[in-house]
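Have a look at the structure below, then the notes.
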Number of protein chains: 2
Amino acid sequence: MTRLFNDPLQFADEMTAGFAAAASRWVQSAPGGVVRATEADEPTVAVVVGGGSGHYPAFGGLVGTGLAHGAAMGNLFASPSANQVYQIVGAVERGRGVLLSYGNYAGDVLHFDQAQERLRAEGIDVRTVVVTDDIWSAPKHEAHKRRGIAGDLAVFKVAGAAAEAGYDLDDVERVARHANARTRSFGVAFTGCTLPGAAEPLFTVPEGRMAVGLGIHGEPGIDEMDVPTADGLADLLVDALLEERPDGAELAGARVVPLLNGLGSVKYEELFVVYRRVHEALASRGITVVEPEVGELCTSFDMAGLSLTLLWLDEELEQLWAAPADAPGYRKGTVEARRRAPSVTAEAPDAGVPAATAASRETARFLATALEAVADAVASAADELGRIDQIAGDGDHGIGMERGTRAAADAARAAVDAAAGARTTLQRAGDAWSDRAGGTSGAIWGEMLRALGRQLGDDERADGERAAAGIVAAREAVMAFGKAQVGDKTMVDAIVPFSDRLAHLVSDGRPLLDAWGDAADAAQAAADATASLTATLGRARAHGDRSLGTPDPGAVSFALVCRTVHGVLAAQKEN
Amino acid sequence: MTRLFNDPLQFADEMTAGFAAAASRWVQSAPGGVVRATEADEPTVAVVVGGGSGHYPAFGGLVGTGLAHGAAMGNLFASPSANQVYQIVGAVERGRGVLLSYGNYAGDVLHFDQAQERLRAEGIDVRTVVVTDDIWSAPKHEAHKRRGIAGDLAVFKVAGAAAEAGYDLDDVERVARHANARTRSFGVAFTGCTLPGAAEPLFTVPEGRMAVGLGIHGEPGIDEMDVPTADGLADLLVDALLEERPDGAELAGARVVPLLNGLGSVKYEELFVVYRRVHEALASRGITVVEPEVGELCTSFDMAGLSLTLLWLDEELEQLWAAPADAPGYRKGTVEARRRAPSVTAEAPDAGVPAATAASRETARFLATALEAVADAVASAADELGRIDQIAGDGDHGIGMERGTRAAADAARAAVDAAAGARTTLQRAGDAWSDRAGGTSGAIWGEMLRALGRQLGDDERADGERAAAGIVAAREAVMAFGKAQVGDKTMVDAIVPFSDRLAHLVSDGRPLLDAWGDAADAAQAAADATASLTATLGRARAHGDRSLGTPDPGAVSFALVCRTVHGVLAAQKEN
């Protein structure tokens, strides 16, 4: 249960501000997240981590001497945008190259990769090591598809210590990759977490039962079983992780770091009771335990659950794991005091907008009005969208759409007030949507708005043909971006029939209002199919059947946007 | 909800073992709790803290360089016994004296004071500073009656830093007392915590409401209100604490350490959102915030709630607050690596028992059987006793009685197996009861058993007169110890009529079985009065009336013990 918030849409920003104020000895706010408040005498490779918020001390709490140089902090359970990652790298890069490291989630991969491309295009040497420690999220032969959970800390710590020791980028990348290859985790949960303002938890587990192998955003578990005793749970975790030990690792004589991680509401005292048996179980196999950690290392908001991570050391990894570190959420050993780094200042806000014709400015006003209506409609539907996404994915779609549409509407209104044309208005609205919504859906909607804007331009009046061409461009942007096809049960299922039908009717000479309405019906049909499949999926899950695929709610929200815009078009005609 | 445990009665021991294994870089197990694993070059004043378990990182997590030298760790929410405190002091005292510091709770005061007396009698200079930071637990003019909550950390940190800096005992005591005088806290809670194996939380708060000013063991709050926004809560806390600032403290120009403490299930992200406004609210009054802490500093198992503490600095306090520290649950600054301290070994177990006559050994066998029956009866009634104590006090009476009676029965059986007489058997049973039950009730029952044992001796057969004299002695021990009178709604309400009636009937020549039965009825009448008052109190509370006093369930459990022993006497007669 999340009880303490002001406006739920401001939660992540207010959290980041509070964190930066509380942790000002270690970090300072920077556009996109936080960076170190101190600096070393000599430049080093920069280690930039990041991910959604709600996992404290991951990710902002791991910024400090001997650990990360900066963290791109996304919204709650939503990846940071590519722009956030780009900005954080810009604030910490010192000419020796950059390692990006983060947990393996589609939205994070997408945005970090975009940022990497942009940085490389600017001549910065950027490498990426994605953390894939969660053994339950994919089978051994597809280990690269596994999610990253509390093993993040092991990989970040090793990379951060290597950078601190003056390793060059090749070697920082090498040890980080090696640490990931030797890190395995396994998690269980007893209850789901509830996002600020949400009425219900992202998932539930029956009393006395335990979800096995679930993700840290409430992605459904792989299995469910009765809650064992503390010792029983310790044995379950240790046995599974030893079974999955890295190739070639012998048990007897091995040196291993156990990280017993509370996900939120499991108490320290319970963790220590479980740890007692973990320690015994490892020692009984002849394994030497090295500098363990028991506590909250990578949380999932207020989820009740825990995970065990094992990092299988060799000499170099042990040295890097044992090296001192001093971050708000992770400290060890003796770290020399550092000098204060100069303040990172935010980029100056853009002073003006490019000139636009009166006709394009009229279109821009319509677009701002439409985006405001969309934001209102999404706000009303956010709970429903979140509920669908709870079954289909990680439950953050509603809140992400809500943040994104509101930010887009605000940015569009500001652009219009500054006399922007359609292209500039949509460009800014798209940027705001991506930045604030986070996640894959935020990135895609940003691309769509910018693609539509490029078609509309800042000069000419938007007519039906230009609008239809803009929608086709938006559709192409989506498909190039996400690589999904019709039938994959994503937003593509709705945008393809919508744009086909709109283009067809407009070229037949139908007025835009009518054509849009018909096309919106086609989008709605696709959305209904998704919703119906999702409901079936929910019932199947309730009966323990986890064999069905996972549709995403993108088609449902796309149809909602189309219907809302149709309403605004109709109202405009009446006036 | 506490889900992860093995045998609930072993929870605290297993937790301490797991903690010591996880934190072996900082601490080592010692009889009674944990002590530092490292040592300084020069001896310093020893700072010994302690209290019940379930408040991690308080108290074991605060042992380390620059903080405490040792922690006496009681059972869950139960004070450590005097013997635990005594043993921990013995392990860390280095000839420069000892400061005892702990939160102001009756059970802790009682046991730490007993230990202090014993240590002083041995010539060790021992001082005590009790922490009294919770402004809602007593009015300003009775500040010495206030409870200790998260302000513990402020006082312990200042005392630990002073000891580390080589201060002598007078000065360590002085700064600790000064820190306590300049520390104020205020807490709220949204849900109660649930002890391992308990079916229900210690208290509940209606959804959307918040208990104001409650204690960290679930002692009832002083008020209840709707949950405000995060900013509203921050303002509420700051306003109340500024109102209560230490005499003479000016707002503008003041330098203050805020500690925003999560009690268990409130998440870091929520704490940061609240902290954002706390920081603003302090700064807006011209107060300079110095090295704040936001996190879990003194928890209450899995209670959802938080507290804000303000430590009002002067130059010396600021220096001591800023000094480095390196403990499992609290680290700051640069601490030089220390050499490993020699291992603390447990005292050798007592080899034998004093000689006893066959008659006394027969009595001892009866006593062991009776204590086993009492342990079984208490185990069956533990939930009910806990439920009564939820209304009356902190809800740990049932579990404390369960641990104490089982430990007493086991110790008695072991003594009998070693051919002990009645006195030795009751002495060991009483010691085990106090040590394992913790809390005030554990201490009192320990005294009663030892007092009864002294009357029975190791030589003579126990007859009715000797038994009655033993009960009178036990009653005197209780009344000297706890200072309660008949009518105060404590165990005294039951033991006084019980011992009066037993002594009277036995002196009239009634057989012990009959006399004991009649006397047990008198105890039961007192117990019924307590239970009935408690039920009334519960109903009044449910209607928001908090004006009634708080009976403790001691009379109820005393009557249960009397009835159970009567059953054993009756069974013995039949055989």
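Within every chain, numbering begins at 1; the chains are lettered A, B, ... in the order of the sequence lines, protein sequences first and strands thereafter. Bear in mind that the values here come from a model prediction, so they are computed numbers and not experimental data.
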Counting heavy-atom pairs under 4.5 Å to chain A, which of B/E293, B/H55, B/E296, B/Q10 comes out on top? B/E296

Go through B/F190, B/Y275, B/Y56, B/F11 and name the one with the most non-hydrogen pairs under 4.5 angstrom from chain A. B/Y56

Minimum side-chain heavy-atom gap A/L4-B/V273 below 4.5 Å: no

Would you say A/K267 and B/T2 make side-chain contact, with heavy atoms under 4.5 Å? no

Straight-line distance of [X] [atom1] to [Y] [atom2], nearest 0.5 Å:
{"X": "B/R331", "Y": "A/Y330", "atom1": "CZ", "atom2": "OH", "result": "7.5 Å"}
{"X": "A/K332", "Y": "B/R25", "atom1": "NZ", "atom2": "CZ", "result": "5.0 Å"}
{"X": "B/R277", "Y": "A/N6", "atom1": "CZ", "atom2": "CG", "result": "9.5 Å"}
{"X": "A/R276", "Y": "B/E14", "atom1": "CZ", "atom2": "CD", "result": "4.0 Å"}

Name the option with the most non-hydrogen atom pairs under 4.5 Å to chain B; the candidates are A/T16, A/D302, A/V335, A/D231. A/D231

Please classify the contact of [X] with chain B as side chain, backbone, both or neither, using a heavy-atom distance under 4.5 Å.
{"X": "A/L306", "answer": "side chain"}
{"X": "A/V289", "answer": "neither"}
{"X": "A/E291", "answer": "both"}
{"X": "A/S24", "answer": "neither"}

Name the orientation class of the two ring planes belonging to B/F272 and A/F19 (parallel below 30°, tilted from 30 to 60°, perpendicular beyond 60°). perpendicular

Begin from the C-alpha positions of B/F301 and A/E269 and carry the test side-chain contact (heavy atoms from CB on, under 4.5 Å) through to its verdict. CA-CA 8 Å; B/F301 224 59; A/E269 288 79 7; 3.7 Å; yes

Return the minimal non-hydrogen interatomic distance between A/P292 and B/A22, and the atom names on each side. CG-O, 3.6 Å

Give, as side chain, backbone, both or neither, the part of B/V266 having an atom under 4.5 angstrom from any heavy atom of chain A. side chain

Side chain from CB out, backbone as N, CA, C, O: work out which of these in B/F5 comes under 4.5 Å of a heavy atom of chain A, or both, or neither. backbone

Should the heavy atoms of other residues, nucleotides or ligands under 6.0 Å from CD of A/Q319 be counted, would the total exceed 12? no

